[in-house]
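The block underneath contains the structure these notes are about, expressed in C-alpha cells.
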Amino acid sequence: MRTVWGRIVMMVLAISLSLVVFSAMLYSLTLVQSNMTSGYMSTSPASARITLNPGVAPDQIETIVNEVKAETNVIDATMRSVISLKLQKDGDDSSSLQLFVAAPDDPMKLATFKIEQGEWPPPEDGILVERSALNSLNVKAGDTITVTSFDDKPVKFKITGVVHDQSLAPAGSEGGAGYISTDSLPLLGRPPLLNQLAITVSDQAGQTTPSRNRDTIVSTALEVANKLKATGNMEIEQVAVPPPYEHPHQGIANALLGALLAFGALSLLLSAILIATMLDGLLTQHISQIGIMKAIGASTSRILQLYGIMVLVVVVAATALAFLPGLALGRALAQLLLSSALNIDVTSLAVPLWVYATTIAAGILIPLLIALPPLLRASRRTVREALDDRGVVDNQGRAITRLYSWLGRLDGIDRILLMAFRNLFRRQARFLLSVGLLGIAGAIFVGGLNLMAGFQAIPKIITDAQRWDIQIRLTTPADTNQLKKIVENVPDVTAVETWNSATTGIQYPGEINVTRTYPDQGHGLLGLSALPANTTMFTTPYITDGRWLSASDTDAIVLPQTIRKTLPDVKVGSTIQLPIEDQVTTWRVIGMAEEVAGGTCPCVTKTGFEQAVSRPNQTNLLRITTDRHDKQSRIAIGKATTQALQEASIKAQNAQPLDSLLESAEGHSGILIYLIMLIAIAIGTVGLMGLGSAMSTNVIERTRELGVMSAIGARPAMVRRLVLFEGIFIALVSCVAAVIPALVLTQVMSVGIGNLFFSAPVPFQISTQAIIIWIIVVTLGATVATLAPAYRASRLTVREALAYL
Amino acid sequence: MIKVKNGIKKSNNQSSNEEHLIELHKVIKTYETPSGPFPALQGINLRIQSGEFVAIVGKSGSGKTTFLNILAGIDRPTKGEISVGSTPVHSLSESQLAEWRGRSIGLVFQFFQLLPTLTIAENVMLAMDFVGIIPAPERRSRALKLLDQVGIKDQADKLPASLSGGQQQRAAIARALANNPPILLADEPTGNLDEHTRKSVLELFDKLNAEGLTIIVVTHERDVNFYASRQVTLIDGHITNDTKKG
C-alpha cells in the first residue's frame with residue numbers, strides 16, 4: 001500500500017465525491033419530506049372545503065359548525081372564504097392579492113397560520129400579510145396597501161401584521177396572500193358572508209387524528225354536503241378535497257429530489273466501477289508481486305484478504321471523508337428548497353438513523369461488491385500466469401489487427417497520433433469505462449442544458465401559439481358588438497377578438513362537483529376557453545387523442561391531456577358536466593390537447609358556450625393585438641383599453657400582457673438546472689479522475705514500450721504527446737458516445753420535468769452551445785487529467801523503463 | 001576509406017590506430033541500494049575503433065549490461081567520461097541523449113521490444129520519425145529496403161505478434177539500422193532465440209560488420225566469439241581481459 005499512495009488517494013476522492021452527492025440528495029429528500037409534512041400539518045389544514053351558495057353570516061356560523069361537528073368522523077369545522085382582489089401599486093394594478101377571510105372570533109385552530117407580527121383579528125381596515133408576499137409585493141408591516149374593491153373603488157388597508165402560512169406555496173412574482181376578517185368585507189363591497197365550510201375528518205368516530213384516506217374524506221364531506229343541501233337553504237357548489245397530508249408542492253418536490261437521488265446513485269455506482277478499474281490497474285502493477293507471493297506459498301484467500309483489506313480501508317476512509325460534507329450539503333439544499341421553493345420553515349435538521357445507515361452501507365458495500373471481480377480474478381491467477389503477465393495484450397482480435405494494419409498503410413499522418421489512437425483499443429474494458437464515465441457525465445451535462453434550452457424555448461412556443469398582445473377579462477359579460485366598437489377605437493389596437501372564459505371543475509352528471517383543489521384555488525381548477533370561429537389569435541394545439549373543434553360543434557369540448565392525471569376515467573367520447581356561472585353545462589369530450597405552458601384548454605366553441613349558458617352575443621374575455629409588441633407598450637395599451645371600457649361602464653379585470661405569461665413560464669428552471677449541473681460536474685470530475693487513473697495505469701503497463709521509444713530516439717516531448725493524445729482521444733470518443741444517451745436523457749427529462757411543472761412536456765431542444773462547451777471542457781479536462789501520467793512517462797529514464805517488468 | 005556519417009567518422013579500415021570511435025575514460029558507475037552503494041563499473045578505460053565487432057562477455061552481475069547502457073546513453077556514469085565520435089555523451093541532457101541515440105546508435109534488445117500496435121514497417125519508420133533525418137516520403141521505401149536486407153520484407157505490414165522470435169529480432173535489427181547509425185549495440189540479442197535462429201542473426205551481424213558497421217554485443221553466449229573481432233571480459237565491474245583476433 002505504501003507504493004501506491006497516489007492511486008489510493010484518487011480512489012478515496014472519487015468515492016467521496018460521489019458519496020457526497022448521493023448522501024446530500026438522500027439527506028435533502030428526507031429532510032424536505034419530513035419538514036414539508038410537519039410544516040404543512042402544523043397549519044391543521046382542512047381535510048375538505050365545501051363551497052356553499054349563498055354564504056353564511058357570522059351569527060349563523062356557530063349553529064352550522066356545531067351541526068357539522070356532530071357528524072360522524074368530523075373532528076372540527078369552521079367557515080371561511082377566499083377572494084381575489086387587484087392590488088394598486090404605483091399606478092399599476094397588475095398584481096393581485098388573494099385574501100383569506102374568517103370570522104373575527106374564529107378560534108383559528110383549523111386551517112391556521114403562525115403569527116409573526118401583529119395579532120388576529122386585524123382591525124376592519126387592517127390586513128395580515130403572508131410572509132412570502134412581503135418580498136413579492138415589496139411591502140412591510142406598517143405599510144398601507146390599496147386594493148380595488150368589488151365595486152371598483154380603491155380601498156386602503158394597513159398591514160397590521162405578518163403571518164406565515166405553510167400550507168401555501170410561496171408568493172409568485174405578481175401576487176401574494178393576506179388575511180382579513182369578515183368585518184372588512186363591507187369595505188370591499190361584499191356582505192360579511194363566508195361561503196366555505198372547512199372540515200377535518202378522521203377515519204373513525206372519536207378519533208382526533210385527521211384521516212390519510214382521501215376516499216374516507218370525500219365520502220364524509222359528501223355526506224355533510226348532502227345534509228346541508230337537504231336543508232333547502234343552500235346549494236353546494238363544490239367539494240374540494242386535496243390529497244391528505246400533502247403540501248401543494250409535495251409531489252413535485254418528491255419527484256424532483258427522487259430524480260436527483262437517482263442521479264446521485266448513478267454517480268456512486270460509476271465511482272464504484274472506477275474503483276474497480278483503478279484496483280485493476282493497481283493489481284496489474286502488482287501482478288508479478290502476486291506471482292512471487294504465490295510462488296512462496298501465499299494462498300488465493302491470503303492474496304484476496306491482503307488486497308480486500310486495502311479496498312476496505314479505502315472505502316471506509318472515503319465514507320468517513322464524505323460524511324460531513326454530504327450532510328452539510330444535504331441540509332443546505334433542503335433549507336434552500338424548503339424556504340425558497342416551498343415556503344416551509346425548517347423545524348428539524350435531524351436525519352433519521354436509517355438514512356445514515358443507508359449512506360454508510362452504500363459508501364462501503366457498493367464499491368466493495370464492484371471491486372470484488374478484479375480482486376478475485378487477480379488472486380486466482382496461477383503463479384505462472386502472474387509471472388508471465390507483461391501487462392499489455394499483444395494478441396488483439398482480427399478486426400483490431402486489420403484496423404492496425406490499415407492504419408499502418410496510411411501516409412502523411414503523424415505516427416504518434418496513430419499510435420495514440422491504436423492504444424485506445426488495447427485495454428478495452430478500461431477504455432470503455434473511461435469513455436462510459438465521461439460519456440454519462442457529458443450526457444447529463446448536455447441533457448441538463450438541453451432541458452434549459454427547452455425551458456427557454458417555451459416563451460417562443462407560447463408566442464407562436466398565443467398570437468395576441470393583451471388579454472382582458474371582464475368582471476361581468478358585455479355585449480360583443482359594443483365591446484368590439486370600443487376596443488377597435490383605442491389607439492394602437494390592430495385587432496380584437498371576443499372570447500369567453502370561465503373557471504370550472506369537471507363533474508360527472510348528477511353528482512356534486514368533487515375536486516382536488518387546495519385552499520389557494522391553484523390546483524384542480526380548470527380555466528375554460530370559448531373560442532370564436534376562425535380565431536387568428538390562437539394556434540390549434542397538438543391533439544394527442546381525438547380531434548380539434550370545428551365551427552359547427554356546439555356541445556363538444558377539447559380537454560388538456562393532463563386531465564388524465566386527476567381524472568383518469570375521462571376520455572374521448574365521455575360526457576362531462578361543468579358548472580359555469582351557477583349553471584351545470586353538459587359537454588361531449590372530442591379530443592385531448594397537449595400544451596406547454598399558459599395552456600388555453602379546455603376549449604369549446606364560442607357558439608357552444610353561448611348556448612350552454614344561454615347568453616348569446618355576450619363576451620367576458622377580450623384578446624387584442626397591437627401595433628407594438630414590447631411589454632411597456634402592451635401595458636400602456638392595456639390600460640388605455642380598460643379605461644375606455646370603464647368609460648362605457650364595462651368593468652374589466654387586469655389587462656394581462658402576453659409578457660406575464662412568458663415570465664411565469666421562465667421562472668421554473670433555476671434550481672433544477674443548477675442541481676443537474678452539480679451532478680454532471682460531480683460525475684464529470686469522477687470521470688476525469690477515472691481517465692487520469694486509467695492513463696496512469698496505461699503508462700505503467702507500457703513503461704517498457706515508452707523506454708524503447710526513448711531508446712530509439714523519442715524525445716520526452718514526444719512521449720508526453722503520445723500519452724496526451726490518447727487521453728484526448730478518449731475524451732473525444734466519450735463525446736460521440738454521449739450523443740444517444742444525451743438525446744434519450746433530454747427526452748426523458750423534458751417529458752418528466754415538463755409534466756411536473758407544466759403538466760406537459762418541455763419542448764425538445766438541442767443546445768449547440770452545451771455541446772460545444774462540453775467538448776471543450778472534457779477535452780481540456782482530459783488534457784489536465786492526462787498531464788500527470790504524461791509527465792511521469794516522459795520523465796522515466798530509459799534504464800528504469802527497460803528494467804520494468 | 002573514411003565516410004563521415006551522422007557527425008561520426010566511420011572507417012572501413014579496422015587496422016587504423018588513430019580512429020577511436022568510442023572512448024571510455026575512468027568510467028565508474030555506482031548504484032545506491034538499500035544495503036549500501038553497489039559498484040557496477042569500477043574505472044573502465046576502453047577505446048573501440050570504427051568497424052570493430054566487439055563482444056562484451058562476463059557472468060551475470062559482472063557489469064556488462066551497465067556498460068552497454070552507459071555506452072548507449074541509457075544510463076549515466078557516476079564518474080568518468082564517454083566520447084562517441086566527437087560527442088561527449090556523459091554531458092548530454094535527456095532530450096539531447098534521445099536525439100543523439102536516434103542518430104548515432106542502433107539498439108537491439110534481447111526481447112526484441114517491437115511496439116505491438118505498430119506494423120513491422122511502422123516500427124522501422126517510427127525510429128526515422130523520431131530523428132527526422134530521412135525525408136518523410138522516403139521512410140516507407142527505406143523501411144522496406146531494410147526489411148528486405150534482413151530477409152523479412154514480406155512481413156512488413158504484419159503486427160509483431162504474428163511473427164516468430166527470429167523474425168521479430170530481424171525486424172528489431174532493421175529498426176536499429178533505420179537512421180543509418182555508425183554503431184549498433186545489442187544486449188543479449190540471441191538470448192531468446194533457438195540455435196538455428198541464433199546463428200542466422202549472428203551471420204546478419206557479421207554481414208553488417210563487414211559492410212562497415214561498428215557492432216558491440218553484450219552476451220554470455222560463447223558462439224558470438226566466433227564472429228567478434230574483439231572480446232572484452234568483465235568481472236565485478238573491471239575489465240579483466242581484452243583480446244583482439246589476429
Side-chain angles (χ1 to χ4, degrees), chain A residues 390-396 398 400-426 701-722 726 794-805, chain B residues 31 65-66 69-70 72-76 93-133 136-137 139-140 156-162 172 175-176 178-179 181 185 187:
Chain A
R390 306 197 67 76
V392 179
V393 180
D394 286 345
N395 291 310
Q396 299 284 357
R398 192 175 290 178
I400 299 286
T401 305
R402 278 187 191 159
L403 172 71
Y404 284 177
S405 298
W406 177 76
L407 289 170
R409 286 191 289 274
L410 288 181
D411 274 339
I413 300 178
D414 186 315
R415 210 169 316 279
I416 297 279
L417 206 65
L418 287 176
M419 277 182 78
F421 181 71
R422 282 185 259 207
N423 280 341
L424 296 181
F425 306 99
R426 297 177 71 179
E701 279 181 356
R702 296 176 202 150
T703 297
R704 277 186 76 89
E705 278 178 36
L706 299 172
V708 170
M709 285 173 62
S710 298
I712 63 171
R715 289 185 294 278
M718 291 172 170
V719 175
R720 265 200 303 275
R721 204 148 57 93
L722 174 70
E726 191 175 334
S794 69
R795 296 276 294 170
L796 281 168
T797 66
V798 183
R799 189 181 67 81
E800 284 168 349
L802 292 176
Y804 179 80
L805 286 174
Chain B
Y31 291 113
T65 296
T66 304
N69 285 346
I70 282 181
I74 285 173
D75 208 348
R76 291 172 182 280
S93 69
E94 278 297 319
S95 261
Q96 288 170 325
L97 273 175
E99 195 176 343
W100 168 80
R101 214 169 22 239
R103 284 171 179 269
S104 311
I105 304 285
L107 274 169
V108 177
F109 305 95
Q110 180 179 358
F111 292 105
F112 331 129
Q113 307 296 359
L114 296 170
L115 299 180
T117 60
L118 299 183
T119 63
I120 295 299
E122 279 185 296
N123 264 283
V124 179
M125 288 154 74
L126 185 68
M128 300 181 216
D129 293 341
F130 288 153
V131 176
I133 52 174
R139 287 175 196 163
R140 183 163 169 88
D157 291 321
K158 290 185 180 168
L159 293 178
S162 60
R175 180 179 65 186
N179 292 307
L185 303 180
D187 187 6

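The analysis underlying the following values was restricted to heavy atoms, covering all of them including side chains, and did not include hydrogens, waters or symmetry mates. A quick note: this is a predicted structure, and the numbers were derived from the prediction, not measured. A, B, ... follow the sequence lines: proteins, then strands. Residue 1 opens every chain.
- Looking at B/K158 and A/T401, their side chains never come closer than 4.5 Å, going by heavy atoms from C-beta outward.
- By number of non-hydrogen pairs under 4.5 angstrom with chain B, the leading residue of A/M419, A/M718, A/R415 is A/R415.
- Both the backbone and the side chain of B/D157 have a heavy atom closer than 4.5 Å to some heavy atom of chain A.
- Here the closest non-hydrogen pair linking B/S95 and A/P716 is OG-CD, 3.3 Å.
- Among B/N69, B/L115, B/V131, B/L107, the residue making the largest number of heavy-atom pairs under 4.5 Å with chain A is B/L115.
- A side chain to side chain contact (heavy atoms under 4.5 Å, CB included) with B/T117 holds for exactly one of A/Y404, A/F425, A/F421; it is A/Y404.
- Only the side chain of B/R175 comes within contact range of chain A, with at least one heavy atom under 4.5 Å from a heavy atom of that chain.
- In terms of heavy-atom pairs under 4.5 angstrom with chain A, the leader among B/I74, B/T119, B/L114 is B/I74.
- If you measure heavy-atom distances from A/L407 to chain B, the contacts under 4.5 Å come from the backbone alone.
- Most heavy-atom pairs under 4.5 Å with chain B, from the set A/A717, A/S710, A/S794: that is A/S710.
- Considering all non-hydrogen atoms of both residues, A/A711 and B/F109 come closest at CB-CZ, 3.8 Å.
- At least one side-chain heavy atom of A/R422 sits under 4.5 Å from a side-chain heavy atom of B/E122.
- Taking A/R715 as the reference, nothing meets the salt bridge (Lys or Arg N to Asp or Glu O under 4.0 Å) condition, with sequence neighbours excluded.
- Here the straight-line distance linking atom CG of A/L418 with atom CG of B/L118 works out to 8.5 Å at 0.5 Å rounding.
- For B/A72, no part lies near chain A; criterion is any non-hydrogen pair under 4.5 Å.
- Atom-to-atom distance recorded for A/M709:CE and B/Q113:CD is 13.0 Å, nearest 0.5 angstrom.
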